[in-house]
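Protein chains get the first letters and strands the later ones, always in sequence-line order, with residue 1 at the start of each.
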2 protein chains.
Amino acid sequence: MSPTPQVKRLQPVDVSAQTTKTRILDAAEELFMEHGFEATSLRLITTAAGVNLAAANYHFGSKEELFQAVLTRRLDPMNRQRMDLLESFEAAAGGHTLSCDKILSAMFIPALKLARDKETGGQNFLRLLGRAYADPAPFIRDFLSQQYHEMIARFRTAFAKALPHLPKDELSWRLHFVMGALSYTLAGSDVLKMIAQYQPDEADNDELLLSRLAPFLAAGLMAPATTSGSVHQMFQEAG
Amino acid sequence: MSPTPQVKRLQPVDVSAQTTKTRILDAAEELFMEHGFEATSLRLITTAAGVNLAAANYHFGSKEELFQAVLTRRLDPMNRQRMDLLESFEAAAGGHTLSCDKILSAMFIPALKLARDKETGGQNFLRLLGRAYADPAPFIRDFLSQQYHEMIARFRTAFAKALPHLPKDELSWRLHFVMGALSYTLAGSDVLKMIAQYQPDEADNDELLLSRLAPFLAAGLMAPATTSGSVHQMFQEAG
DNA sequence: AAAGAGTTCAAACGTTTGTTTGAAACTAGC
DNA sequence: GCTAGTTTCAAACAAACGTTTGAACTCTTT
């Protein structure tokens with residue numbers, strides 16, 4: 001059942017098996033991004049990868065497992081980078097608490113690095129990730145929830161120190177908004193046409209994007225806590 | 001081909017045709033929300049609606065047109081309400097420019113009203129809408145882009161007056177972030193588990209949610225304009 | 001060169017998909 | 001009570017889906 005090979009060939013490092021696997025992963029990443037999970041067939045993926053249809057099931061077991069493999073390949077290292085970066089920032093700050101901007105940058109910079117690494121097709125991946133966040137499929141939601149759990153918890157405590165005046169639940173909400181704006185923005189690209197008057201055409205799109213998103217979110221995070229019933233009041237006024 | 005009946009029966013208003021249509025729309029709304037467009041089959045919808053499978057194609061033509069009908073039914077009135085409300089706010093303010101909060105409330109209140117109208121199943125719809133925003137299908141993106149175009153343009157000019165210091169393109173980005181956070185938040189519900197420590201269980205979830213989102217976004221909108229290269233600098237520092 | 005594990009391949013599996021069909025059922029107007 | 005138009009229904013359509021199969025093939029190891 002399990003095609004995982006034993007540790008044998010140490011010297012020659014037979015990459016032929018990995019090239020097929022990698023070709024499938026690359027093609028799947030691009031096509032899942034373009035059409036979503038449900039609308040992308042294994043036949044489309046294997047044809048684009050130039051491999052046999054059965055190779056997908058042979059190497060990954062099922063379509064769902066393939067999708068998870070696509071996500072894990074880049075998500076895992078990125079989230080580890082985020083936590084490492086946050087830790088190094090905290091170490092560098094000594095006893096001082098980090099600013100919101102600094103914590104936010106620990107979230108953004110690894111994403112930015114991934115987006116820039118064109119050799120690994122990172123730009124496609126961030127969009128795929130953004131879409132996966134909004135996907136209704138339970139196995140995707142559960143998988144992401146599990147993948148992000150540690151990182152989110154780590155950043156929540158960091159933000160809690162930076163924003164001591166903020167109630168715990170309010171902070172949870174705002175973290176939710178931050179993740180939402182981030183993933184939605186990454187997923188967007190063509191939704192932008194709906195709003196922006198011009199389409200930026202440079203390759204360093206993502207740096208520009210995050211450099212505008214970061215201050216926006218930092219300001220939102222640092223806003224004073226919600227006065228209870230403010231929207232309720234407005235709602236009454238508008239009848 | 002076109003099953004659209006001529007305007008004939010004026011008095012009795014035969015609702016039997018509309019009940020089938022409405023039953024399909026209601027079931028489709030709920031199932032599309034739960035499983036997404038691709039993963040929801042017409043058989044699932046028609047079975048849930050208690051109608052014959054062929055009725056979906058008879059009344060709506062195709063699955064895509066049914067989906068658009070589901071969206072239009074509520075989206076159209078909501079966006080019109082948003083624009084009307086904004087206009088009435090501007091009229092009430094006389095010559096004075098509106099605050100960001102006030103403009104934001106003109107966007108939120110109609111959504112809130114829709115969410116509250118339980119008889120029309122509005123809560124389900126907002127989630128469906130949020131997910132549709134992130135859907136890769138071109139026909140969905142094109143449809144939404146067209147549906148939102150007028151409203152977005154209207155609110156952009158309103159925000160431009162409220163934030164005269166902000167460059168035009170920066171405002172476009174921020175509007176994008178606002179729409180993103182809003183739609184993502186509405187789509188979320190269970191993504192919340194990833195972040196929040198507790199799950200609010202009250203029925204007026206949405207009012208609570210928007211009352212926390214609004215100040216967050218208002219603060220983001222009112223943040224000073226991006227200093228060029230701020231993230232770039234951070235990126236360099238972090239290596 | 002023989003053996004054997006790992007991989008690729010064409011072909012087929014049984015389901016499920018959106019859509020179409022033509023007859024039956026229903027609802028008016030005359 | 002017949003007729004015409006609208007709606008419902010069971011049945012079938014071709015196409016596409018994820019997955020499985022068993023034989024061919026490619027290697028390294030002995």
Item to check | Nearest-neighbour nucleotide for the A/T20 side chain, D/dT8, C/dT8, D/dT21 considered | outcome: C/dT8
Checklist entry - What nucleotide, of D/dT6, C/dT21, C/dT7, holds the atom closest to the side chain of B/Y58? => result D/dT6
Residues in salt bridge (charged side-chain N to carboxylate O under 4.0 Å, His left out) contact with [X], at least two apart in sequence or another chain:
{"X": "B/D142", "value": "none"}
{"X": "A/D76", "value": "A/R80"}
{"X": "B/E170", "value": "A/R212, B/R174"}
{"X": "B/R154", "value": "B/E90"}

Next on the checklist: By the 4.0 Å heavy-atom rule, please label B/A54 as base, sugar-phosphate, or nothing.
Outcome noted: base
Using the 3.5 Å cut-off, write out each protein N or O paired with an N or O of nucleotides 14-17 of chain C and the distance between them.
from: C/dT17; atom 1: OP1; to: B/S41; atom 2: OG; distance (Å): 3.4

Quick one: list whatever passes side chain to side chain donor-acceptor pair (under 3.5 Å) with [X], sequence neighbours left out.
{"X": "B/N79", "value": "B/R82"}
{"X": "A/E87", "value": "none"}
{"X": "A/S41", "value": "none"}

Next on the checklist: With a 4.0 Å cutoff (strictly under), does any side-chain N or O of B/H59 reach OP1 or OP2 of D/dT6?
Outcome noted: no
Checklist entry - Which dot-bracket notation, 5' to 3', represents the base pairing of DNA chain C when pairs are defined as Watson-Crick or G-U with both distances under 3.5 Å, crossing pairs as [ ], and inter-strand pairs as |? => result ||||||.||||||||||||||||.|||||.
Checklist entry - Below 4.0 angstrom, N of the basic side chain to O of the carboxylate: do A/E34 and A/R127 qualify? => result no
Next on the checklist: Rounded to the nearest 0.5 Å, what separates atom CE in A/M179 from atom CG in A/L144?
Outcome noted: 9.0 Å
Checklist entry - D/dT6 P sits how many Å from B/K21 NZ, rounded? => result 13 Å
Checklist entry - Roughly how many Å is it from CG in B/N57 to P in D/dC13, rounded to a whole number? => result 17 Å
Checklist entry - Residues from residues 45-53 of chain A sitting under 4.0 Å of DNA chain D, heavy atoms only? => result A/L53
Item to check | Counterpart residues, ring-ring contact (aromatic ring centres under 6.0 Å, His included), relative to A/F37 (two or more places apart) | outcome: A/F32, A/F67, A/F139
Next on the checklist: Filter on side chain to side chain donor-acceptor pair (under 3.5 Å), then keep only pairs touching residues 62-71 of chain A, sequence neighbours left out; what's left?
Outcome noted: A/S62-A/E65
